[in-house]
Amino acid sequence: MDNIIISPSKYVQGENSLASIATYVAPYGSHPLVIADDFVKDLIEKTIIHSFTEANMSFSMELFHGECSQEEIERLQAKTNDNDVIIGIGGGKTLDTAKAIGFYKKIPVVVVPTIASTDAPTSAIAVLYTPAGEFDRYLMIPTNPTMVIMDTTIIARAPVRLLVSGMGDALSTYFEARANAASGKATMAGGTPTLSAQALAKLCYETLLADGLKAKIAVENNLSSKAVMNIIEANTYLSGIGFESSGLAAAHAIHNGLTKLEEAHHLFHGEKVAFGTLVQLVLENAPLEEINTVLNFCHQVGLPTNLFDLGVKEIDRNQLMAVAVASCAEGETIHNMPFDVTPEAVLSAILTAHSLGLSK
């Protein structure tokens, strides 16, 4: 296999960067369509109107109805008419809808996250749901978004739990990349990892340890800081390139298995991934010192470290075996680990990680 790294063409991050959106978009088209939900529209409409007016650029705006479904994509796609750029502003479902419209219409895509809770904005994947909100399918897009714009002023005002959830998602990046490199399995980029992708994955982890707690404290006060800027970049760009071009392994598969636990349905993606990271470290028999470093980080920023943190009331081995079986389903990324993994091994790792998390 070839070594491959993929990424957005441009990544922009800064305070009040949304105010310059027309300047950033202009090289890619002259009449963009902006999609955002009701809440986000109220938050950003004046800023983008001013930006496009100052640049003497026309634009259209449509409300996103809340679900990234084929029906919603087709509804908004029909509104594009002469639009030559699609801009998605908001959460993950808005951004994925913009990616899908850009793919079908063959026009550039600009995504503007208003939160930093996952590493999805930079990726070439859109997750589609039914209109009722049930998982439908993954849409694998040949190219990453043309541009990602992160306005740190807006993101710093979002609930701190969302930023911390993004840290949980980013926490897995280095460890999954390390496992994938050891196994030699193909990444989502379609080949084996480049040195640069692996370096970004490692930098992601180092940045979390250095700045995660400081960033959390700043955002709790609705303020930005250098630490917040670094964590936004780690959650979004470093983790996004790291996971897509360096590979996923057990942590995300265990997240998927944890969806079998009804008690955990209230948790954000990154919160479950954080516990999945601990389970992966136990599964591969990582040094206790490394596990304790991850545990301490999770405690500092408020990520789950045990099953009770996930909402489980009583330890039910049969229920946890169902989680383990789902984690090991055919095609799951757990099979990118550099050794064979069985549901029994995953169950053992879950229970061990739970006990270690309780003891810290």
| request: Indicate the ring-plane relationship of His354 and Phe308, choosing parallel, tilted or perpendicular according to the 30° and 60° boundaries. | output: perpendicular
| field | Those residues that, when tested against Lys99, pass salt bridge (Lys or Arg N to Asp or Glu O under 4.0 Å) (two or more places apart) | value | Asp96
| message | Are Met61 and Leu76 linked, directly or through intermediate hydrophobic residues, by side-chain heavy-atom contacts shorter than 4.5 Å (ILVMFWY only)? | response | no
For residues 315-324, please give each side-chain donor-acceptor pair under 3.5 Å, one per line with the distance, not counting sequence neighbours.
unit_1, atom_1, unit_2, atom_2, d
Asp316, OD1, Asn318, N, 3.0
Asp316, OD1, Gln319, N, 3.2

| query | Which residues satisfy the side-chain hydrogen bond (donor to acceptor under 3.5 Å, both in side chains) test with Thr173, sequence neighbours excluded? | reply | Ser239
| field | Donor-acceptor side-chain pairing of Asp136 and Gln70 below 3.5 angstrom | value | no
| query | Are Arg157 and Glu15 within salt-bridge range, i.e. N to O under 4.0 Å? | reply | no
| request: List in chain and number order the residues that pass side chain to side chain contact (heavy atoms under 4.5 Å, CB included) with Phe103, two or more places apart in sequence or in another chain; answer none if no residue qualifies. | output: Leu139, Ile141, Pro142
| request: Identify whether Leu347 and Val341 are in the same connected component of the hydrophobic contact network (ILVMFWY, side-chain heavy atoms under 4.5 Å). | output: yes
| request: May I ask you to decide if Val273's main-chain N or O and Thr277's side chain share a donor-acceptor pair within less than 3.5 Å? | output: yes
| request: Name all residues meeting the side chain to side chain contact (heavy atoms under 4.5 Å, CB included) criterion together with Pro131; count only those two or more places apart in sequence or in a different chain, and write none if there are none. | output: Ser69, Glu71
| field | Ile232 and Tyr237, any side-chain heavy atoms less than 4.5 Å apart | value | no
| said: Any carboxylate oxygen within less than 4.0 angstrom of a Lys/Arg side-chain nitrogen, looking at Glu67 and Lys93? | reply: yes
| note | Hits for salt bridge (Lys or Arg N to Asp or Glu O under 4.0 Å) against Glu271, two or more places apart or cross-chain, chain-then-number order -> Arg161
| Glu45: what forms a side-chain hydrogen bond (donor to acceptor under 3.5 Å, both in side chains) with it, not counting sequence neighbours? | Lys41
| remark: Those residues at least two apart in sequence (or on a different chain) that pass side chain to side chain contact (heavy atoms under 4.5 Å, CB included) with Ala22 are Ser51, Phe52, Ala55, Met57
| note | Residues passing the side-chain hydrogen bond (donor to acceptor under 3.5 Å, both in side chains) test with Asn3, sequence neighbours excluded, are Thr192
| said: Using only atom types and a distance under 3.5 Å, with no angle test, would you say the side chain of Asp37 pairs donor to acceptor with the backbone of Gly66? | reply: no
| query | Taking all atoms of both residues into account, what is the closest heavy-atom pair of Thr187 and Ser246, and its distance? | reply | CG2-C, 3.5 Å
| field | Atom of Glu263, atom of Lys313 and distance for their closest heavy-atom approach | value | OE2-N, 4.4 Å
| query | Do Ile49 and Leu33 sit in the same hydrophobic cluster, where Ile, Leu, Val, Met, Phe, Trp and Tyr count as joined when their side-chain heavy atoms come under 4.5 Å apart? | reply | no
| task | Can you sort out the partners of His31 under side chain to side chain contact (heavy atoms under 4.5 Å, CB included), two or more places apart, ordered by chain and number? | result | Ser58, Ser60, Asp82, Asn83, Asp84
| task | List in chain and number order the residues that pass salt bridge (Lys or Arg N to Asp or Glu O under 4.0 Å) with Glu233, two or more places apart in sequence or in another chain; answer none if no residue qualifies. | result | none
| task | With sequence neighbours left out, write down each residue that passes side-chain hydrogen bond (donor to acceptor under 3.5 Å, both in side chains) with His252, or none if nothing qualifies. | result | Asp169, Glu176, His269
